[in-house]
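Before any comments, here is the structure.
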Amino acid sequence: MEDAPSTASIPSASCRSLHCCHFLRRPSLCWHPSRAWLGGDALPSPGAVAAPCSLLGSAMLSEGGNESNYVLCVIDSLKKKVTADRYICIKKRIEENSIKLSPITQHSYDLSKVRQNCTTNSTELVLNLLTRRRDDALCAVNSLDVSPAESEGGSCQDECSSTVVLGGNLAAKNVVRPIKLPEVPKLPPYTTWTFLDRNQRMSEDQSVLGRRRIYYDTSCGEALICSDSEDEAVEDEEEKKEFKDSEDCIIRMTIQECGMSDAVLETLARDIERTPVDIKARYEILQGEKPECSFKKAYELDVKVEDVYCDKDLDAALDSFDNLFCRRCLVFDCKLHGCSQDLVFPTEKQPPWGMDDGTPCGIHCHKLVSKPDATMAIDSHLLVDVEEPTHSSDNARNQIGSNKKRLGSSGQKTKSQQSESSSTARVSSESSESEVHPISNKSPQQSPSLSKAKIGPKGGIKKSTNRRIAERILMSVKKGQREMASSDSNSIVNGCLWPRDMKLRSDTRNGIKDSVASSQYNTPSTRSSRKKVVLQIENNSSFADGQSDSMEETNNEHSATDGCDSSRKEECVDENICRQEDHGRSWKLIEQGLLLKGLEIFGKNSCLIARNLLGGMKTCTDVSQYMNYVENSSASGALSGVDSLVKGYIKGNELRTRSRFVRRRGRVRRLKYTWKSAGYHFIRKRITERKDQPCRQYTPCGCQSACGKQCSCLTNGTCCEKYCGCPKMCKNRFRGCHCAKSQCRSRQCPCFAADRECDPDVCRNCWVGCGDGTLGVPNQRGDNYECRNMKLLLKQQQRVLLGRSDVSGWGAFLKNSVCKHEYLGEYTGELISHKEADKRGKIYDRENSSFLFNLNNEYVLDAYRMGDKLKFANHSPDPNCYAKVIMVAGDHRVGIFAKERISAGEELFYDYRYEPDRAPAWARKPEASGTKDEGQPSTGRAKKLAH
Amino acid sequence: MMVNQVVVPEVGLGHEVAVGSPTTPSRSREYKATNKHAEGKSPVYAVVFNFLDVRYHDVFATACGPRVSTYRCLTNGKFALLQRYLADDETESFYTVSWACDTDGTPLLVAAGKSGVIRIINCATEKIHKTLVGHGKAINEIKAQALKPSLIISASKDESIRLWNVHTGIFILCFAGNEGHRNEVLSVDFHPSDIYRFASCGMDNTVRIWSMKEFWPYIEKSYSWTDNPSKFPTKYVQFPVMVAAVHSNYVDCTRWLGDFILSKSVENEILLWEPIIKEESPGESRVDVLQKYPVADCNIWFIKFSCDFHFNQLAIGNREGKVYVWEVQASPPVLITRLSNPQLKSPIRQTAVSFDGSTILAGSDDGNIWRWDEVDHPTVPSVGRKGKQTMTES
């Protein structure tokens, strides 16, 4: 056994150059351990590993030795270390496994002992023949044991040449009579298949395995490879080699030992089969990792902690949703359309959910808060206005605006708030002019953060209007408050919870108002501080609201000491400043993301947003306050990224709603169905052209406007469907039918003529009643004829039975009789590409099975492993069924239909319609034989075709 | 998303495989040929000892053409024929035979082959117990679950693996479909301790590891099923927990060795590898090939190896009629001995190693059963073997 040190000694002993001395000192670090590594006997043949190095070493030596020689040795010893470690590791693992295994075998041994006991008990009465015969055999042996010589056997270990004298056996043949195992009818041969009620795209592993599939031909007794070698070459290239741990180790150690020079890198590169540049880069990475390692870990830990507290943003959280959810089937992990579909964003969005019946959504509903809240805001503004009306009018309008919007969206008033709302409404009407041009309203001195370009000439005029509005508000609000107070007293009498809440709130509010008023008068403050106060107040009310139940007592106290205790109020306000600061921050990233989505879906309806998207995270009040906060803080210009996004949504949503309204009005006119619409012509043309061509696979286009030349549907030659992003008036859209009495069963129906099923989302008059009518017939639309062209969609199929075919193998049989053109069922299978189908076809042709069906230009259906019972329907030149490819909700599917009247129990046949040159013999010469098995396997890949 | 990726072992530095030397037998145990028995004209595809019941540890069953027989290995090197069963169907050829037990412990023999019909024979009464029809093509291997020997699993040419309850004759689960085998399934084996798990391999060059954990209620249900067996709600299991491509050709035999797997391909080698399964994230599952046991002239398919009860020895025949006996748990693997005989030239399809490894049987293509016995072995088979392995049996 040659070990590494001896190899190393060759260059070290003979090299006398300075350079070599240099390395002589260092290697000892490396090689001493290496001696230890190789000390074990774990290596099966370490000599084999060491030999090339020593040869190389001596070759180098003859040239006087150089660094690469030395580097090689270093690398080599490192490699040996890695290998030796690996063998030690294997040994250890096998030993561990062996230790684990022994109790397992012991357990099964115990079980086998238990079985012995339990049968002796249970079969005491019944004779156990196996035991009896076994014991009999032993007796027989004992009696026959007189001639033990026959058991003499030659020692035939290994290459022993002596002829074996083999022992005879107990001639039991006459004793033991063979017991007949009765013949059981076999099933016709078939490959196990799983039932599919709809087509599935094939799993990914098949493409990998498809490369190396080998077919064992029993007739020739040879293995044939059915795969394309080109495929393998391509995929190998794509594979990016990553550095393994062991390689990293070698790179690092070698460079540490020998320094980083070109020669070292080159030798390493040759050894690890990479480029020197790669290795250098890798080393730098490794070096970088090392010192940072601990730091990085700590950092990662931090990140993790943050993760736990759910600081993901919505996009990250929705990632799997976007990847796995199928927008066409509305299920996760759709097997038909696959994962990671292209996201198509429809141009026409649904209007936000406008349902709002006016009742509060719960105890946290903003409707219970918003009115007083808004009043409060206005209130305080007005108080400010007393001093400086010009400035505050802007704020006031903001408040009013938001208030109005809120009212607009909720559009309801509770009784106790009527007075307020009427006042607000008045204000709104007054300020409607300013609402129309919200931006031009801003006067320059008020909003320095806003762009000055927008300052309108009307600014001066507005001032007076604003003042007027402010005065009105002041009056109305004061009136409102008075009314509120009276209602409060009523509610105290009533003593029920809800009004009491109101009362508490108004109490607090009064208190705050007073305090603010006092503070205003006491300290003439700058504009910014006033603004702050406004926020404080707003917030204060919410604070009080949130705690109104628990703080009932304190609040009562407050109201009692109302006005006198202004200093204490101010403390309270201070607290709220902190809260306000938290306000934005306490909204986590994910919550903000959800809010954005909510705004998109429901508009500014905080009830629905809170209930549907932020349940358990934020209350309705939180949501509405946050929306207001974001909206109002535009002037301060200190919004974070997400906040401004939210704001953008709030603003943009309004614009969009308006524009949608306009568009919708237009659409009604344009969508009026005409037979001469472009879409229909297009289809007609396609129908006539199509005949011999396969259908085209449909993929939704993502066009954001009416589809033009670059539309993927148009270039692909398919119609746009409801899944496309394009607007509904797109000229390439299939418009469906509006058949009245024909039940969409003839070519007069545009859907039927285009080999499509009617789609209730698209067709005007197609409807289907459910049930047998005992529960009442649904409202009749159009005429009272159900659409008969939705059977695949609704899975209205006939019962098909599987049985032994009269012709060959299995066959499909019909349970009940059907009329002509009746839909029988769907031919389902795996969706595979034509390329894959050709590969599989090679194998199937050998087995003489044919489950491939040409679906469209992109896909072939393969029912070999997965399908439904109709896949067993046999071929016949004179069939009673026919197959048809039909577009159902954007997908091509194969339906099998009755060609004539078929009576119950009849076997189903249809014409496979193989392309003439590819048809197997049994399909080519149908007169000669109707069976699948008689034909010779053909070389082509035959696929079934529809009519 | 339960899409498995085919797991391919890593190769290169740091992933070396410990290879046993096929040329230098340690001869830690010496064997001599003691018997040759002509079972029939057709190849003997299966020879198997009964390890399920301590009474029958010296009883083995064979499958040869349409014939299934049970023998007893006598201590003097002889065989005693106990029972013989003959299929009425002349075209039947049994490929596999396995011992099983009814719920009350009655010894059952399960045999199947070319016709795809599984026949369960009650050895205590010598009558047919059940006939299981369902496989669409030939059955290549049947195994009984050692912990619950009324469950059997069958590997078929129809690309499916099926789990049956021999007590009620119910077809419980079918392992096929989406990510099932893509060609004939040649071999299956239950995990020795994890009752839910088994491995299968076949002509698609892969070894698949399956779990029936989430389907266990159906298995429980199958015991109490009294209705027509065909009405049982048989479930399809379409996703294995791992698809491993450790070989690049047909894999025709697989056995668990604890948590490791021994698998043999037609590439003249048996590999011992560890499946590292991450069920939560299938993409991260790995396989680590640990050891290789070269077997010369073993490049035809349907050659199966066997181990003794304690997995100390592994015996495999080859195309030339030689039997290699490996010390399977040694690292690196050690070849114990190579058994041969001048009269034995035809391929050996299946071997059987007795409970303690003292007797090795081999079934050959010319219809013979060969027997080798350990030299100087105590004649009573149930006594612990010598060697470093300690055994705690009586």
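Quick note on labels: first sequence line is chain A, next is B, and so on, each numbered from 1.
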For [X], is it the side chain, the backbone, both, or neither that has a heavy atom closer than 4.5 Å to a heavy atom of chain B?
X: A/Ile179; value: both
X: A/Pro188; value: backbone
X: A/Lys100; value: side chain
X: A/Glu95; value: neither

If I take atom [atom1] from residue [X] and atom [atom2] from residue [Y], how far apart are they, to the nearest 0.5 angstrom?
X: A/Ser112; Y: B/Phe309; atom1: OG; atom2: CZ; value: 5.5 Å
X: B/His310; Y: A/Ser108; atom1: NE2; atom2: OG; value: 7.5 Å
X: A/Arg865; Y: B/Asn178; atom1: CZ; atom2: CG; value: 10.0 Å
X: B/Tyr56; Y: A/Thr131; atom1: OH; atom2: OG1; value: 2.5 Å
X: A/Lys79; Y: B/Glu16; atom1: NZ; atom2: CD; value: 9.5 Å
X: B/Phe175; Y: A/Thr194; atom1: CZ; atom2: OG1; value: 14.0 Å

Query raised in the report: Does the side chain of A/Arg133 reach to within under 4.5 Å of the side chain of B/Glu126, using non-hydrogen atoms?
Result: yes
Tell me the closest heavy-atom pair linking [X] and [Y], and the distance in Å.
X: B/Asp89; Y: A/Glu183; answer: CB-CG, 3.6 Å
X: B/Cys101; Y: A/Arg115; answer: SG-CD, 3.6 Å
X: B/Ser331; Y: A/Ile90; answer: OG-CG2, 3.7 Å
X: A/Tyr190; Y: B/His135; answer: CE2-C, 4.1 Å
X: A/Thr192; Y: B/Ser160; answer: OG1-OG, 2.9 Å
X: A/Pro185; Y: B/Val133; answer: O-CG1, 4.4 Å

Of the listed residues ([options]), which shares the most heavy-atom pairs with chain A below a 4.5 Å separation?
options: B/Pro149, B/Gly136, B/Ser156; value: B/Gly136
options: B/Ala138, B/Ala176, B/Ala146, B/Cys123; value: B/Cys123
options: B/Leu257, B/Leu272, B/Val59; value: B/Leu257
options: B/Val117, B/Asn122, B/Leu52, B/Leu147; value: B/Leu52
options: B/Trp256, B/Tyr85, B/Phe51; value: B/Tyr85

Where does [X] contact chain A at under 4.5 Å (heavy atoms): side chain, backbone, both or neither?
X: B/His191; value: neither
X: B/Val8; value: neither
X: B/Gln291; value: side chain
X: B/Ile128; value: side chain
X: B/Gln238; value: side chain
X: B/Arg67; value: neither
X: B/His15; value: both

Report summary line: Exactly one of B/Ile121, B/Leu86, B/Asp88, B/Thr131 clears side chain to side chain contact (heavy atoms under 4.5 Å, CB included) with A/Leu181, and that residue is B/Ile121
Query raised in the report: Quick one: do B/Asp58 and A/Arg134 make a salt bridge, cutoff under 4.0 Å?
Result: yes
Query raised in the report: Any salt bridge between A/Arg93 and B/Asp259, counting N to O under 4.0 Å?
Result: no
Query raised in the report: So B/Tyr236 and A/Phe195, ring-ring contact (aromatic ring centres under 6.0 Å, His included) or not? Walk me through it.
Result: CA-CA 9 Å; B/Tyr236 273 75; A/Phe195 176 77; 9.6 Å; no
**Report entry** B/Glu159-A/Thr191 side chain donor-acceptor pair, cut-off 3.5 Å
**Finding:** no
Query raised in the report: Out of A/Leu187, A/Ile104, A/Asn97, which one racks up the most heavy-atom pairs below 4.5 Å with chain B?
Result: A/Asn97
Requested in this report: Among A/Leu130, A/Leu101, A/Thr105, single out the residue with the greatest number of heavy-atom pairs under 4.5 Å to chain B.
Outcome: A/Leu130
Query raised in the report: For B/Lys114, does the NZ atom sit with more than 12 other heavy atoms under 6.0 Å from it, leaving out its own atoms?
Result: no
Report summary line: Sorted by chain and number, sequence neighbours left out, salt bridge (charged side-chain N to carboxylate O under 4.0 Å, His left out) with B/Lys148 holds for none
